[in-house]
Novice: 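First the structure, then my questions, so here it is.
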Amino acid sequence: YLSRYERYENLATEIGRLLETLSLLNKDSECLDYGCAVGFLPKAFGKKGYSNFYGYDISDWAKSEARKNDVKLLENINNIDFDVTFCFDVMEHMPDDCINEWLDNFKTRSMVVRMPVAVRSGEDFHLAVSRRDPTHVNCKTKDEWKDLLKKYGFDVFLHLNLLTLYDTDGVFSCLCLKSE
């Protein structure tokens, strides 16, 4: 896991260009990597000149590693208005009540998400690797994830099919926007 930094550099380059083209991101944007783990994404964006890119994680080990990567970590993310939030491979680890508590107290204009999904409601995760992970406690279809996010004002969903971040039968990769 600790050897994956280059992937995140490529991801930051590609998704950064897309978000800049859509006028959702600039060098002064307030950004958060929710569930940043060791901080590879904030580190990659920081190296590209994004000075307001923060990480948030609940794991003490992950935060310790993120600090080694010079990631600016936030301990409290409530009442901060983020321009873009990245949430990769996190929500499937959270029960709905925790997701709702987070989103009830959180402000962001746009969110880039990636999570494993089921193809049909009531089924298990589509991908075997996702089914094997005992920490995956929240399995939804893409439409069920969209319905949850709609409750928090997200009403435009752009499925992402990039080189580094892509939508498949088993993975929901999406740019979620509030049209207001």
Side-chain angles (χ1 to χ4, degrees), residues 1-12 14-15 31-45 53-69 71 73-78 82 84-106 108 111-152 154 157 159-176:
Y1 183 79
L2 294 175
S3 64
R4 295 182 183 172
Y5 176 69
E6 187 177 319
R7 290 183 192 180
Y8 286 87
E9 267 193 336
N10 294 336
L11 173 61
E14 188 176 40
I15 196 72
C31 299
L32 178 70
D33 184 4
Y34 184 84
C36 71
V38 299
F40 286 157
L41 190 65
K43 178 181 177 179
F45 270 99
F53 205 110
Y54 304 93
Y56 175 83
D57 206 287
I58 61 169
S59 164
D60 289 333
W61 175 83
K63 290 188 282 189
S64 173
E65 293 296 316
R67 285 185 192 98
K68 292 177 188 175
N69 285 314
V71 173
L73 293 173
L74 298 175
E75 292 296 324
N76 183 347
I77 55 175
N78 295 340
F82 294 99
V84 181
T85 298
F86 298 85
C87 187
F88 296 150
D89 305 310
V90 175
M91 287 194 265
E92 70 274 13
H93 298 277
M94 302 169 65
D96 280 347
D97 61 333
C98 290
I99 294 170
N100 290 327
E101 181 181 341
W102 162 46
L103 293 175
D104 279 340
N105 298 295
F106 186 72
T108 190
M111 187 179 297
V112 182
V113 301
R114 176 180 64 204
M115 67 217 35
V117 295
V119 174
R120 285 177 281 291
S121 185
E123 290 185 357
D124 203 348
F125 293 100
H126 181 69
L127 299 175
V129 66
S130 300
R131 290 191 301 271
R132 285 192 302 266
D133 188 332
T135 66
H136 287 182
V137 298
N138 198 334
C139 183
K140 296 183 181 344
T141 65
K142 293 176 187 184
D143 286 337
E144 289 168 335
W145 282 115
K146 288 178 187 177
D147 289 343
L148 185 144
L149 292 167
K150 285 177 186 176
K151 292 191 303 188
Y152 296 95
F154 295 98
F157 299 93
H159 292 260
L160 297 172
N161 286 300
L162 309 172
L163 294 175
T164 57
L165 186 65
Y166 39 89
D167 199 66
T168 67
D169 286 343
V171 178
F172 179 44
S173 295
C174 190
L175 171 59
C176 311

Novice: So do the side chains of L163 and N10 get within less than 4.5 Å of each other, counting heavy atoms only?
Specialist: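 No, their side chains stay 4.5 Å or more apart.
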Novice: Is it true that the side chains of Y152 and D104 contain a donor and an acceptor less than 3.5 Å apart?
Specialist: yes
Novice: Using a 4.5 Å cut-off on heavy atoms from C-beta on, say whether the side chain of R7 contacts that of F40.
Specialist: no
Novice: What residues form a side chain to side chain donor-acceptor pair (under 3.5 Å) with Y54, not counting sequence neighbours?
Specialist: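 Partners of Y54 by the side chain to side chain donor-acceptor pair (under 3.5 Å) criterion come out as none, since no residue qualifies.
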Novice: Taking the six-membered ring of F125, is NZ or CZ of R131 closer than 6.0 Å to its centre and within 45° of its axis?
Specialist: no
Novice: Donor-acceptor pair, N69 side chain versus V38 backbone, under 3.5 Å?
Specialist: yes
Novice: When rounded to the nearest 0.5 angstrom, what distance separates OG in S130 from CE in M115?
Specialist: 11.5 Å
Novice: Measure across V71 and P42 and return the closest heavy-atom pair with its distance rounded to 0.1 Å.
Specialist: CG1-CB, 3.8 Å
Novice: So do R114 and Y166 actually touch side chain to side chain, heavy atoms under 4.5 Å?
Specialist: no
Novice: L32 and T108: side-chain contact (heavy atoms from CB on, under 4.5 Å), yes or no, with the steps?
Specialist: CA-CA 9 Å; L32 178 70; T108 190; over 6 Å; no
Novice: Hey, is D167 close enough to K142 for a salt bridge, meaning N to O under 4.0 Å?
Specialist: yes
Novice: Quick check: closest heavy atoms across F157 and C174, and the distance to 0.1 Å?
Specialist: CB-SG, 3.6 Å
Novice: Indicate yes or no for a side-chain donor-acceptor contact from E123 to the backbone of S121 under 3.5 Å, with no hydrogens or angles considered.
Specialist: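 A pair under 3.5 Å: no.
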Novice: For the pair V84 and F53, evaluate side-chain contact (heavy atoms from CB on, under 4.5 Å) and give the outcome as yes or no after the intermediate values.
Specialist: CA-CA 9 Å; V84 181; F53 205 110; over 6 Å; no
Novice: Take the angle between the ring planes of W102 and F106 and call it parallel below 30°, perpendicular above 60°, tilted in between.
Specialist: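 Tilted: the ring planes of W102 and F106 meet at 30° to 60°.
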Novice: Is it true that D33 and K43 have a side-chain N and a carboxylate O under 4.0 angstrom from each other?
Specialist: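 Not counted as a salt bridge, because no side-chain N and carboxylate O are separated by less than 4.0 Å.
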Novice: Which atom names give the shortest non-hydrogen contact between G35 and V90, and what distance separates them?
Specialist: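 Answer, listing the atom of G35 first, then V90: CA-CG2, 3.8 Å.
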Novice: For T164, which residues count as a side chain to side chain donor-acceptor pair (under 3.5 Å) partner, sequence neighbours excluded?
Specialist: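 So T164 forms a side chain to side chain donor-acceptor pair (under 3.5 Å) with E14.
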Novice: After noting the C-alpha distance and the side-chain angles of Y56 and T85, does the key distance pass the side-chain contact (heavy atoms from CB on, under 4.5 Å) rule?
Specialist: CA-CA 11 Å; Y56 175 83; T85 298; over 6 Å; no
Novice: Do K63 and E75 have side-chain heavy atoms sitting under 4.5 Å apart?
Specialist: yes
Novice: Can you name the side chain to side chain donor-acceptor pair (under 3.5 Å) partners of H93, sequence neighbours left out?
Specialist: T135
Novice: Within the 4.5 Å heavy-atom criterion, are C36 and L73 side-chain neighbours or not?
Specialist: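 Yes, their side chains come closer than 4.5 Å.
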Novice: Mind checking side chain to side chain donor-acceptor pair (under 3.5 Å) for E9 and listing every partner two or more places apart, or none if nothing turns up?
Specialist: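 Applying side chain to side chain donor-acceptor pair (under 3.5 Å) to E9 gives Y5, K47.
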Novice: List the steps, then state whether side-chain contact (heavy atoms from CB on, under 4.5 Å) holds for L103 with M111.
Specialist: CA-CA 11 Å; L103 293 175; M111 187 179 297; 4.0 Å; yes
Novice: Determine yes or no for a side-chain-to-main-chain donor-acceptor pair under 3.5 angstrom, with N105 supplying the side chain and E101 the backbone.
Specialist: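 Pair found, side chain donor or acceptor close to backbone of E101.
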Novice: Below 4.5 Å, heavy atoms only, C-beta onward: do D96 and K140 meet side chain to side chain?
Specialist: yes
Novice: Is there a side-chain contact between Y34 and C87 in this structure, where contact means two heavy atoms from C-beta onward sitting under 4.5 Å apart?
Specialist: yes
Novice: Looking at every non-hydrogen atom in both residues, tell me the closest pair between D89 and P116 and how far apart they are.
Specialist: OD1-CD, 4.3 Å
Novice: In chain order, what residues pass the ring pair (Phe, Tyr, Trp, His ring centres under 6.0 Å) check against H126, with sequence neighbours excluded?
Specialist: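 Not a single residue meets the ring pair (Phe, Tyr, Trp, His ring centres under 6.0 Å) criterion with H126.
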Novice: Can you find a heavy atom in the side chain of E144 that is under 4.5 Å from one in the side chain of V117?
Specialist: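 Result no, sub-4.5 Å side-chain heavy-atom pair not found.
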Novice: State, to 0.1 Å, how close V171 and L127 come at their nearest heavy-atom pair, and which atoms those are.
Specialist: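 Nearest pair, atom of V171 first, then L127: CG2-CD1, 3.7 Å.
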Novice: How close do M94 and N138 get, heavy atom to heavy atom, and via which atoms?
Specialist: O-ND2, 2.9 Å
Novice: What residues form a ring pair (Phe, Tyr, Trp, His ring centres under 6.0 Å) with W145, not counting sequence neighbours?
Specialist: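 In terms of ring pair (Phe, Tyr, Trp, His ring centres under 6.0 Å), with neighbours along the sequence ignored, W145 is linked to no residue.
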